[in-house]
Each structure stands twice: as structure tokens, then as C-alpha cells.
Amino acid sequence: MIVIMQSGASRGDVDHVVGLIRQYGLRDHVIVGTDRTVVAAIGDKRSVDMSAIENAPQVERVVPILAPYKVASKEVKKEPSVIPIGRGASVGGARVAMIAGPCSVESRQQVLEVAQAVKEAGAVGLRGGAFKPRTNPYQFQGLGEQALEYLAEAGAATGLAVVTEVMSIDQVELVSRYSDVLQIGTRNMHNFNLLVACGRSPRPVLLKRGWSATLEEFLLAAEYVINAGNPNVILCERGIRTQETYVRNTLPLAVIPAVKRASHLPIVIDPSQGTGHAYMVPAMCRASIAAGADGLLIEVHGDPEHALTDGAQSITPEVFAETTRQCRAIAAAVGREM
Ligand code: PEP
Ligand code: MN
């Protein structure tokens, strides 16, 4: 249920409602909007009659949340969320966020150079895998903590917020120490224990959609993170499995308006995993911004032909700079900035 407060409700009125919700044995989630505050009551309500809360001072209405996800839902919060990602950057709101960097961190020099290049082109975030979830156990698994050190150094040198993947619960603390944002990969979207562990971290979470997850499952995964205490979730579409072979994954950009209708969370698009081919990436970047994406997560490599992972889908810093220029024009055309 959500308790919608009247626009004149004071902090004390809200606290009173929070107290009642707790008395019912439910969890509260207070969302302060520009116009009014709403309090979501989360938990098993079968044995609770919440309608009495309507009598509390300054309560306008008590309404059920129809979606299975609650705190991720637009029903609970109408205004789009703006998620701070560190170093003064954020995802959501008017500004479209470019997050770019190599698939994997391969060396100190590689990540420093690419960070500098994407920063100059207008990126606000630096991506790069330290722990790589590889389908094949014989392929490059990432440089681990060494890579985290290089990423942190590159972030500090450029002012870019660092985004890197955390693959397991026991890595959450370590990755949180070096990274501004915790990336949860497509293969882990259903790893509910990891979602909860990241929900207890103070770091914002970039949650990738499972490659065969429905939108509802995706939003329920986000709900796990928020419900565990971390409201700062950024959704990331990275393509889904279909029968197609001309792409590595099929990138469903219709998810952008669908997310905007269902949720207040921002959504970024990863056109690199989303297509698997560098030549498709600029077009999908442009299309994503036109469709209302809040940002892009793009693989950029100084020497794609020799990349240790995902070279085929990595664009060069030059192509990134040109793509960013084009996206900036498209952003302006749809009422956004970059
Ligand atoms: C990546 O971003 O390099 C990655 C492994 O992504 P995904 O989890 O979407 O496959
Ligand atoms: Mn990759």
C-alpha cells in the first residue's frame, strides 16, 4: 500500500504514519516528492487492515500498489529518480550520462589512456571489468584487485566515476572500496543474495537485465536492491537472447518507454553487449538517446583488434568522440542535455 500525504503534511505527520506502519509489522519507505510525500508500506499485509491509516492527520489517501514491485514502481514515486554516481555526476534527470571504457581492464596504461580520451569526449563515468564473468573458464578472467587499483587511479586522474562489476557477495566490500558504482552483470540478475548484499552497500548499483529476464523480473531484481536499503539503482538494458545470429544479443529499445511507464528508476543502454559489433554501436547509441535513455554504457578500447575481451564490439576513442557529438545533438532535439 502507499499512504499519500497531503501537500501540507509536516515531518511529524509523516513520522506518525511511519510509526503506524511499523506497528503493523510492515516496513516503511518514505519518498519525498516535489509536491507531496508518500510512504510505502512493504511486507505481508494479509492480516493487516491498513485503511485506518486514512484517519491519521494530513493523510490524503491510502491506495494499493498494483505492480508486484513496489518501491521500484512509478505508483510509489511519480517523478523520475536522479541517481548520484559520485564525482558530481548523476544518472537520470535532464542530463544524459555517458559511461565508457574497456570491457576489461588489461593494464594501467590502457585504462589511464582510455579514461583520458573518453573524459575529453564528454563521458562522466569510466567502465572497466576487474572481475570478468566469462562463459569459458579458459578465457581471461580479469586482473582482479590490481584492476580495481588502476580504475581508481584513472577515476581520480580524470574525475570520472568508476563503474565496475561485482560478481559475488564476498567481492562487494572490496569493489565498494575502489569503485563509485557496483555493476551487477546479466548473469547475476537472478542472484538474489548478491542483490541483497549490494542493497546493503552505500554505493549506487548499475543492474543489468538478465538476458532472458522479463521486464517484470528485471524490476523485481531492482526491488531486491532497494528493499535491502539501497535506493540508488540504475537499470541497464544490455540485450536479450533471441534466435538472431547477426547480432550477439538483440537490443530491445522499446524497454526504454516501458521502463519509463512502469518505474521511476533511470535506464541506461549498453549497445556493446547489446549488439556485439562495433559498427552497430554508434547507431544504437543515437537510437537509445532518441528513445529517451538516461545514459549509455559503452565499450571503448584504444586497440580493439588486440583487446583481451569483447574486441569485436569495442569502438575506438575516435569513434566514441564522434558518437558523443552526434548523441549530443539528438539529446538536444528530445529536450535533454549531454
Ligand atoms: C560487461 O559489461 O562487460 C559485461 C560482462 O556485461 P554483461 O553482464 O551485460 O554481459
Ligand atoms: Mn564486455
Side-chain angles (χ1 to χ4, degrees), residues 85 91 97-106 110-111 114 118 123 125-137 139-144 147-148 150-151 161-168 171 175 179-191 194-195 198 204-213 217-218 221-222 225 233-242 247-253 255 267-278 280-281 284-285 288 293 295-316 320:
I85 58 168
V91 179
M98 285 293 217
I99 303 167
C103 175
S104 301
V105 174
E106 299 168 9
Q110 171 234 17
V111 75
V114 83
V118 300
L126 171 66
R127 62 147 291 148
F131 297 100
K132 295 302 299 178
R134 305 310 302 281
T135 301
N136 182 335
Q139 289 177 339
F140 181 60
Q141 303 284 309
L143 296 179
L148 295 175
Y150 297 155
L151 282 167
V162 171
V163 181
T164 195
E165 179 162 355
V166 51
M167 278 174 51
S168 62
Q171 290 170 356
V175 175
S179 182
D180 297 293
V181 179
L182 305 177
Q183 176 174 327
I184 299 177
T186 190
R187 296 160 183 82
N188 265 320
M189 191 211 82
H190 292 288
N191 183 342
L194 179 63
L195 298 175
C198 290
V205 169
L206 184 135
L207 175 64
K208 291 202 164 189
R209 179 190 188 179
W211 63 44
S212 61
E217 289 164 340
F218 189 21
V225 180
V233 178
I234 299 159
L235 303 170
C236 178
E237 172 62 65
R238 48 79 69 207
I240 55 173
R241 281 261 164 109
T242 69
V247 277
R248 178 182 176 190
N249 292 288
T250 296
L251 186 60
L253 294 183
V255 78
I267 177 156
V268 307
I269 301 296
D270 174 348
S272 309
Q273 330 301 320
T275 61
H277 301 286
M280 294 178 173
V281 168
M284 290 299 97
C285 289
S288 301
L296 295 167
L297 182 76
I298 307 173
E299 288 183 346
V300 178
H301 197 288
D303 181 12
E305 289 173 28
H306 295 101
L308 293 183
T309 58
D310 286 351
Q313 66 193 35
S314 298
I315 59 173
T316 60
F320 176 74

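When a ligand or atom number is given, it counts from 1 through the structure's own listing order. For the single chain, residues carry numbers from 1 onward in sequence order.
- Shortest contact from atom 6 (O) of ligand 1 to any protein heavy atom: Lys208 NZ, 2.9 Å.
- Less than 4.0 angstrom separates some heavy atom of Lys132 from each of these atoms of ligand 1: 1 (C), 3 (O), 5 (C).
- Of all the listed residues (Thr186, Asp310, Leu206, Ile298), Thr186 holds the heavy atom that lies closest to atom 8 (O) of ligand 1.
- Between Cys103 atom SG and Asp310 atom OD2, the angle centred on the Mn ion (ligand 2) amounts to 90° (nearest 10°).
- Contact annotation: the side chain of Leu206 never approaches that of Ile85 to less than 4.5 Å [non-hydrogen atoms, C-beta and beyond].
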Full working for side chain to side chain contact (heavy atoms under 4.5 Å, CB included) between Thr164 and Val105: CA-CA 10 Å; Thr164 195; Val105 174; 6.0 Å; no
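- With hydrogens left out, the protein atom closest to atom 9 (O) of ligand 1 is Arg238 NE, 2.6 Å, a heavy atom.
- Near Cys103, with a cut-off below 4.0 Å to any heavy atom, the atoms of ligand 1 are 3 (O).
- For the pair Leu297 and Lys208, the minimum side-chain heavy-atom distance is below 4.5 Å.
- Near Glu299, the atoms of ligand 1 lying under 4.0 angstrom from a non-hydrogen atom of the residue are 1 (C), 3 (O).
- Within the 4.0 Å heavy-atom shell around ligand 1 one does not find Gly129.
- Here is the list of ligand 1 atoms found below 4.0 Å of a heavy atom in Gly185: 8 (O).
- A heavy-atom distance below 4.5 Å is not found between the side chains of Pro133 and Asn188.
- With salt bridges taken as basic N to acidic carboxylate O contacts below 4.0 Å, none links Asp310 and Lys132.
- Looking only at heavy atoms of the protein, atom 2 (O) of ligand 1 is closest to Arg127 NH1, 2.7 Å.
- Those atoms of ligand 1 with a heavy atom of Arg187 less than 4.0 angstrom away are 8 (O), 10 (O).
- Here the heavy atom of the protein found nearest to atom 1 (C) of ligand 1 is Gln273 NE2, 3.3 Å.
- Glu305 meets the side-chain hydrogen bond (donor to acceptor under 3.5 Å, both in side chains) test with no other residue; sequence neighbours excluded.
- Partners of Glu299 under the side-chain hydrogen bond (donor to acceptor under 3.5 Å, both in side chains) rule, at least two apart in sequence or in another chain, are Arg127, Gln273, Gln313.
- In this structure, CD1 on Ile269 lies 6.0 Å from CG on Leu251, to the nearest 0.5 angstrom.
- Counting only heavy atoms from C-beta outward, the side chains of Ser179 and Leu151 never approach each other to under 4.5 Å.
- The nearest N/O/S atom of Glu299 to the Mn ion (ligand 2) is OE2.
- Near Gln183, with a cut-off below 4.0 Å to any heavy atom, the atoms of ligand 1 are 1 (C), 2 (O).
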